[in-house]
Amino acid sequence: LRARTIESIGILIASVSDEKEFTQSVKEVTEKLFALLDSQFDQDDPQELAIKDTLAKISFFLKDDFNYVAPKFLEILIKDALLEVKITHKETREGELNNKEDS
Amino acid sequence: MNFKVFGMENTQTLMCNISELEAKISAFRHIYEVSEAMGQSFKPYVDKILPIMMSHLDYTSRAVRKHALKTLANLIIALGEPDNLVLFRKIFDSLALKILVVNKKQDVKELKLLFKGLFLCMRAVRDNNEDKALFASPEKMQTFAQLMNQCLLTT
């Protein structure tokens, strides 16, 4: 539910991207999202992706003004972009898969 | 996530961490979106982002390759004149080589992806530069024409 709420904030911000009167509120939201991003999430927690999606939408709103948070955000994105996704291979013992499928 | 290997379902298993792959793809998408949104203000980050994009043009995931290619055009815009012409020529050399390899394999889908990436880079120069001399010499331009001809004839 929190992830959906964060996504909704992003959609709302995108929908007012031409209205500069919201700049201060958007900056406050940005600060809050960064504070959230500093907390530890489980690997499959949808909040983390929702926050990053929303920050990317915020960059469309803030444009040049996004510079004040861009280094921190890009640092996080670079870390994710350089993740090594390993495809590992293992020998399956006879009956192992069948047992898993049955259970 | 575990995958059964076709023909070896009972003996071999491949395992892949899907969460990590999703995080990686999302990171490339977000970098593309931020670079698109910031335009020329993205210039200070070009040096950090460029090697990552270039090194992922051959990556296994098509989504990663696609976003890396699209980001290159944004980096050309961010860098501005005259440095972006040097960057364009570097990107062209790299993509031309990849196009030749992919064309040999008759991989039309990948060929389209690479040509689209190249087109976006060319358009970025055309729309943002006073000096629109994409190629350093007529010979280089000839290389591009030959490349297109070769692809049109074989696919």
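By convention in this document, chain letters (A, B, ...) are assigned in the order of the sequence lines, proteins followed by strands, and residues within each chain are numbered from 1. As the structure is a computational prediction, the values presented were derived from the model and not from experiment.
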Is the number of heavy atoms from other residues, nucleotides or ligands under 6.0 Å of B:Lys90 NZ greater than 12?
no

Non-neighbouring partners of B:His67 that pass side chain to side chain donor-acceptor pair (under 3.5 Å), sequence neighbours left out
none

Is B:Phe42 in contact with chain A via its backbone, its side chain, both, or neither, using a 4.5 Å heavy-atom distance?
side chain

With sequence neighbours left out, the residues meeting side chain to side chain donor-acceptor pair (under 3.5 Å) with B:Asn74 are B:Ser35, B:Glu36

Heavy-atom distance under 4.5 Å to chain A: side chain of B:Ile49, backbone, both or neither?
side chain

Can B:Met38 be reached from B:Leu120 by stepping across I, L, V, M, F, W or Y side chains whose heavy atoms are under 4.5 Å apart?
no

What part of B:Ile52 gets closer than 4.5 Å to chain A, counting heavy atoms only: side chain, backbone, both or neither?
side chain

Kindly indicate whether a cation-pi arrangement holds for A:Lys20 with A:Phe61, taking the cut-offs as under 6.0 Å to the six-membered ring centre and within 45° of the axis.
yes

Listed by chain and number, what are the side chain to side chain donor-acceptor pair (under 3.5 Å) partners of A:Lys57, not counting sequence neighbours?
none

Might you point out which heavy atoms bring B:Val34 and A:Ala56 nearest each other, and give the distance in Å?
CG2-CA, 4.4 Å

Applying a strict 4.5 Å limit to non-hydrogen atoms, the region of A:Asp65 in contact with chain B is neither

Charged tip of A:Lys27 within 45° of A:Tyr68 ring normal and under 6.0 Å:
yes

For residues 75-84 of chain A, give me every residue with a non-hydrogen atom less than 4.5 Å from any non-hydrogen atom of chain B.
A:Leu77, A:Ile78, A:Asp80, A:Ala81, A:Leu82, A:Leu83, A:Glu84

